[in-house]
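The structure appears below as structure tokens.
All chains are named by letter (A, B, ...) in the order of the sequence lines, taking the proteins before the strands, and each is independently numbered beginning at 1.
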Amino acid sequence: MPGSCVSIRVFPGRGRYDRTLMLRLPRDLHLQMVAHCISGLPDEACGLLAGDASRGTVARLYPTRNAAASARVYSVDSRDLLQADRDAERSGTQLIGVFHSHTHTDAYPSPTDVEQAPDPDWHYVVVSLRDTHPVVRSYRIAGGSIEEESVVVLGEPVHAGAGATA
Amino acid sequence: MAVAVDVRLPTVLRPQAGGQSTVTVKGSTIGDVLRELVSEFPGMSGQLLNEDGSLHRFVNVYVNDDDVRYLESLDTPVKEGDEVSLLPAVAGG
């Protein structure tokens with residue numbers, strides 16, 4: 001993805017932080033995710049993650065359309081959702097989470113995110129584009145409570161133009 | 001004319017169906033299929049339909065490749081061999 005050379009800061013933040021939970025994200029997918037969020041500006045962008053739910057390892061990333069086309073809310077396009085779900089199943093994995101951007105706020109789930117989180121086993125990734133550097137954080141949301149988890153980026157740094165794909 | 005259709009369930013609904021990923025139910029429209037599902041698996045009731053019988057906004061229902069909200073919603077007809085898929089809507093702020 002050309003022009004997607006960004007530096008990422010990942011750090012634990014406020015609230016509950018569970019060190020046993022983790023999201024493992026290959027570096028190229030991490031960059032693709034952030035690039036999709038940036039390309040969605042000024043609206044929020046979103047996409048889906050597939051892989052191994054219990055280990056939190058992401059194997060595939062599906063950038064999707066934001067059917068809400070809004071800077072404040074997102075709704076994964078329903079047809080993109082079905083296609084991603086089928087593709088994940090065909091590849092022997094399953095959808096394990098969703099990412100979306102916050103264009104002007106922290107990388108922390110909003111009340112709407114918590115209210116609409118359907119699956120306690122999913123990983124809810126928020127990419128904040130408020131500051132110069134995108135901030136990527138991941139959460140589990142169950143019964144209205146939010147637990148932050150570590151985001152581990154796997155693999156060597158990818159240099160711009162290397163064109164690495166999974 | 002009621003026909004039997006396969007309904008693919010998302011992981012969050014499978015416990016309510018004894019762990020099955022696909023169930024077969026009868027109906028002639030999507031509304032029939034969902035009401036039949038709820039009557040067979042009452043644990044799904046609040047997740048599929050509202051108290052007034054309308055489609056819950058946090059669930060997506062598909063006939064084959066199409067979201068029924070872009071068709072005739074609960075009145076969308078189903079025919080022999082159609083595959084119905086349910087997925088929780090993914091949205092937030």
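The hydrophobic cluster containing Leu13(B) also contains Val5(B), counting ILVMFWY residues as joined when their side-chain heavy atoms lie under 4.5 angstrom apart, directly or transitively. Leu61(A) and Leu129(A) fall within a single hydrophobic cluster, where Ile, Leu, Val, Met, Phe, Trp and Tyr are joined by side-chain heavy atoms under 4.5 Å apart, directly or via other members. Leu48(B) and Leu71(B) sit in two unconnected hydrophobic clusters of ILVMFWY residues. Membership requires side-chain heavy atoms under 4.5 Å apart, directly or through other members. At a threshold of 4.5 Å between side-chain heavy atoms, the hydrophobic network of Ile, Leu, Val, Met, Phe, Trp and Tyr places Leu37(B) and Val78(B) in one connected group. With hydrophobic clusters built from ILVMFWY side chains whose heavy atoms lie under 4.5 angstrom apart, Leu9(B) does not share a cluster with Trp122(A).
Comparing Gly92(B), Ala89(B), Pro88(B), Pro10(B) by how many heavy-atom pairs each has under 4.5 Å with chain A, the most go to Gly92(B). Counting heavy-atom pairs under 4.5 Å between each of Asp113(A), Asn66(A), Thr105(A) and chain B puts Asp113(A) at the top. Between chain B and the residues Asp119(A), Leu82(A), Thr112(A), the largest count of heavy-atom pairs under 4.5 Å involves Leu82(A). Of the listed residues (Val98(A), Asp85(A), Val114(A)), the greatest number of heavy-atom pairs within a distance under 4.5 Å of chain B belongs to Asp85(A). Between chain A and the residues Thr11(B), Leu87(B), Asp67(B), Asp66(B), the most heavy-atom pairs under 4.5 angstrom are made by Leu87(B).
Here Tyr62(B) contributes atom OH and Gln83(A) contributes atom CD; the two are 9.0 Å apart, rounded to the nearest 0.5 Å. The structure places CZ of Arg8(B) at 4.5 Å from CD of Glu89(A), a figure rounded to the nearest 0.5 Å.
Atom CZ of Arg72(A) has 12 or fewer neighbouring heavy atoms from other residues, nucleotides or ligands inside a 6.0 Å radius. Around CZ of Arg14(B), the count of heavy atoms belonging to other residues, nucleotides or ligands within 6.0 Å exceeds 12.
For Ser75(A), the parts lying near chain B are the backbone and the side chain together; criterion is any non-hydrogen pair under 4.5 Å.
His102(A) approaches Gly93(B) most closely through the heavy-atom pair NE2-O, 3.1 Å.
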